[in-house]
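Take a look at the structure set out below.
Values below: all heavy atoms of this structure, side chains included; hydrogens, waters and symmetry mates excluded.
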Amino acid sequence: MKAILPQADVTVYEQDGKVRGFLGIADGSYIAGLFVAKAHQGQGIGEALLSACKKRLPSLTLDVYTRNRPAISFYSQ
């Protein structure tokens, strides 16, 4: 994972011994990326990753394209 987000603190979601998704935090609070394998999207993995980071960190920040309504909705929960 460090090769993908080399300067990020990466939280990994594993299921059945396989990586299904991961979330990288850079600069202490910035969500550098959240990725879930396409076959496993919509199963709560992204929510679980985000929730795990919210429990560890006092605040999180990110940039989202203003027309990306699904992403804005997801991160606003």
(message) Please report the interatomic distance OH(Tyr75) to OG1(Thr61), rounded to the nearest 0.5 Å.
(response) 11.5 Å

(request) Tell me, yes or no, whether the heavy-atom count around Arg56 atom CZ, taken from other residues, nucleotides or ligands under 6.0 Å, exceeds 12. (result) yes

(request) Return yes if some donor-acceptor pair links the side-chain N/O of Ser73 with the main-chain N/O of Arg69 below 3.5 Å, else return no. (result) no

(request) State, to 0.1 Å, how close Val12 and Leu49 come at their nearest heavy-atom pair, and which atoms those are. (result) C-CD2, 4.0 Å

(message) With rounding to the nearest 0.5 angstrom, report the OG1 to CG distance, Thr11 to Asp9.
(response) 5.5 Å

Taking distance alone, no hydrogens or angles, what donor-acceptor pairs closer than 3.5 Å link side-chain atoms of residues 18-43 to residues at least two apart or in another chain?
residue	atom	partner	partner atom	Å
Arg20	NH1	His40	NE2	3.2
Tyr30	OH	Asp63	OD2	3.1
Gln41	NE2	Val36	O	3.0
Gln43	NE2	Ala39	O	3.4

(request) Please tell me if the side chains of Leu50 and Phe74 come closer than 4.5 Å, counting only heavy atoms from C-beta onward. (result) yes

